[in-house]
Participant: 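Dumping the structure here so I can ask a few things about it.
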2 protein chains.
Amino acid sequence: MHCRNGGLMTKPLRHETILKLVRQAPIPNQHALQMELKKSGLAATQATLSRDLAELGLVKTAEGYKLPAQVAEPSQFPNGDLKRVMREFLREASPANNLIVVKTPPGNANALGIALDKASLPEVVGTIAGDDTILVVTRSAATARSLRKKFLNWVG
Amino acid sequence: MHCRNGGLMTKPLRHETILKLVRQAPIPNQHALQMELKKSGLAATQATLSRDLAELGLVKTAEGYKLPAQVAEPSQFPNGDLKRVMREFLREASPANNLIVVKTPPGNANALGIALDKASLPEVVGTIAGDDTILVVTRSAATARSLRKKFLNWVG
DNA sequence: GTGCAACATGTATAATTATACAATTGATCC
DNA sequence: GGATCAATTGTATAATTATACATGTTGCAC
């Protein structure tokens with residue numbers, strides 16, 4: 001078979017390069033990794049990369065392969081606080097694709113945004129708060145819709 | 001098609017159950033999850049579970065699906081310390097499948113074991129230290145062998 | 001009521017990943 | 001030198017996961 005290896009220890013270099021790449025950004029799949037490595041002059045088949053990723057202990061998330069350290073901490077504790085803040089400030093929540101557009105009284109978006117971030121709900125990828133509007137970014141439209149319903153239930 | 005759903009909101013319950021299961025132990029794959037859910041009287045196809053896992057933001061590791069919180073922290077900082085301790089105490093390191101059997105002078109296994117744990121090398125799944133022997137558990141035989149070489153290089 | 005849109009889900013299949021096996025290379029021992 | 005073994009990798013394929021599409025259901029507007 002053609003192992004074009006030729007005795008050069010390519011594996012350690014490849015592993016280093018993979019770690020370098022994954023530190024820059026999550027790698028969506030093994031084919032993408034293969035392309036990136038090729039740019040660095042490193043050839044490897046999908047099978048080899050599958051083995052590499054396992055040996056390096058990388059982890060596959062919705063965003064792609066990451067270092068374990070890069071895996072976001074999820075909600076540290078429940079959201080009693082969030083519910084309270086939300087009851088106070090939430091006026092309206094509209095899904096828009098994978099976003100929820102949350103309206104608050106003028107000047108209060110930030111407060112609610114902070115509470116949302118702190119609660120770090122698993123559904124929430126991130127938030128941006130303006131003056132009276134927060135964009136809540138979720139992984140999918142379905143998530144946005146179901147999370148929105150959860151919000152509305154909370155404020156009952 | 002037969003969505004035997006009948007209007008009961010099975011999804012939230014299913015999601016709760018999945019989270020409960022994954023808190024107990026990593027779930028190796030979607031088929032295993034399907035079997036577990038069946039035990040709880042919850043029927044779902046692989047496709048549904050694939051969608052569920054994505055919505056819940058679970059992450060796939062070598063051990064299976066986990067909560068992001070359960071993903072182990074990798075080496076926090078390099079291993080200068082470990083190298084020093086290792087030079088002092090390491091006498092022998094033999095690979096045995098996915099283990100490395102590390103020998104130390106009598107009574108020193110624990111010290112080296114602690115240094116190993118602190119360094120939390122990505123290759124190391126865990127360690128057990130006796131009196132003059134440490135078992136270093138890695139993910140694979142290949143990892144064990146290459147890590148062992150790394151050890152031997154360190155102690156020069 | 002009808003119509004419509006959003007959901008949840010199953011089926012079938014595409015896409016992705018893991019692995020059994022074979023081949024090559026380099027080291028070690030006789 | 002030749003034999004043998006461990007390591008690395010490719011090929012082919014199996015196993016696993018994601019998704020395009022279709023369908024039954026529910027809630028809401030009219």
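Side chains included, hydrogens not; waters and symmetry mates left out as well; all remaining heavy atoms used. Each chain gets a letter, A, B and so on, in the order the sequences are listed, and its residues count up from 1. The model shown is predicted, which means the values in this text are computed figures rather than measured ones.
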Participant: Out of C:dT9, C:dT17, D:dA18, which nucleotide sits closest to the side chain of A:Gln46?
Facilitator: C:dT17

Participant: Nearest whole angstrom, please: distance from the P of D:dT17 to the CG of B:Leu33.
Facilitator: 10 Å

Participant: Rounded to the nearest Å, what distance is computed from the NZ atom of residue A:Lys149 to the C1' atom of nucleotide C:dA6?
Facilitator: 8 Å

Participant: Which is more 5' along DNA chain D, the nucleotide nearest A:Thr48 or the one nearest B:Tyr65? Just name the residue.
Facilitator: A:Thr48

Participant: Does a nitrogen or oxygen in the side chain of B:Arg145 sit under 4.0 Å from OP1 or OP2 of D:dA7?
Facilitator: yes

Participant: Just the rounded figure in Å: distance from C1' of D:dT8 to CG of A:Leu13.
Facilitator: 15 Å

Participant: Of all the nucleotides listed (C:dT16, D:dG10, D:dT16), which has the minimum atom distance to the side chain of A:Asn29?
Facilitator: C:dT16

Participant: With B:His15, which residues qualify under side-chain contact (heavy atoms from CB on, under 4.5 Å), at least two apart?
Facilitator: B:Lys11, B:Asp52, B:Glu55, B:Leu56

Participant: Work out which heavy atom in B:Lys66 is nearest to a heavy atom in B:Thr61; give both atom names and the distance.
Facilitator: CE-OG1, 3.7 Å

Participant: Of all the choices, C:dG10, D:dA7, C:dT16, which nucleotide is nearest to the side chain of A:Lys60 once you look at every atom?
Facilitator: C:dT16

Participant: Does B:His31 or B:Ser146 map to a spot on DNA chain D nearer the 5' end, using the closest nucleotide for each?
Facilitator: B:Ser146

Participant: Evaluate A:Ser50 against A:Gln46 for side-chain contact (heavy atoms from CB on, under 4.5 Å), listing each step before the verdict.
Facilitator: CA-CA 6 Å; A:Ser50 170; A:Gln46 174 267 321; 3.9 Å; yes

Participant: Between atom CG in B:Leu56 and atom P in C:dA8, what is the gap in whole Å?
Facilitator: 12 Å

Participant: Considering only D:dT17, C:dT17, C:dT19, which nucleotide approaches the side chain of A:Arg51 most closely?
Facilitator: C:dT19

Participant: Using whole Å, what does the distance between atom C1' of nucleotide C:dA8 and atom NE2 of B:His15 come to?
Facilitator: 10 Å

Participant: Classify A:Ala44 by what it touches in the nucleic acid, base, sugar-phosphate, or nothing, heavy-atom distance under 4.0 Å.
Facilitator: sugar-phosphate

Participant: Once you round it to whole Å, what is the distance between P of D:dT8 and NZ of A:Lys11?
Facilitator: 4 Å

Participant: Evaluate the criterion side-chain contact (heavy atoms from CB on, under 4.5 Å) for residue pair B:Leu53 and B:Gln30; output intermediate values, then yes/no.
Facilitator: CA-CA 9 Å; B:Leu53 292 172; B:Gln30 297 178 6; 3.7 Å; yes

Participant: Quick check for you: among D:dT19, D:dA7, C:dC21, whose closest atom lies nearest to any side-chain atom of B:Ala47?
Facilitator: D:dT19

Participant: How close or far is atom C1' of C:dG10 from atom CG of B:Leu49, stated in whole angstroms?
Facilitator: 12 Å

Participant: side-chain contact (heavy atoms from CB on, under 4.5 Å) between B:Val101 and B:Glu92: does it pass, once the steps are laid out?
Facilitator: CA-CA 8 Å; B:Val101 181; B:Glu92 196 184 309; over 6 Å; no

Participant: In whole angstroms, how far is the P atom of D:dT16 from the CG atom of A:Leu53?
Facilitator: 18 Å

Participant: For C:dT17, take OP1 and OP2 only and decide whether either is under 4.0 Å from a side-chain N or O of A:Ser50.
Facilitator: no

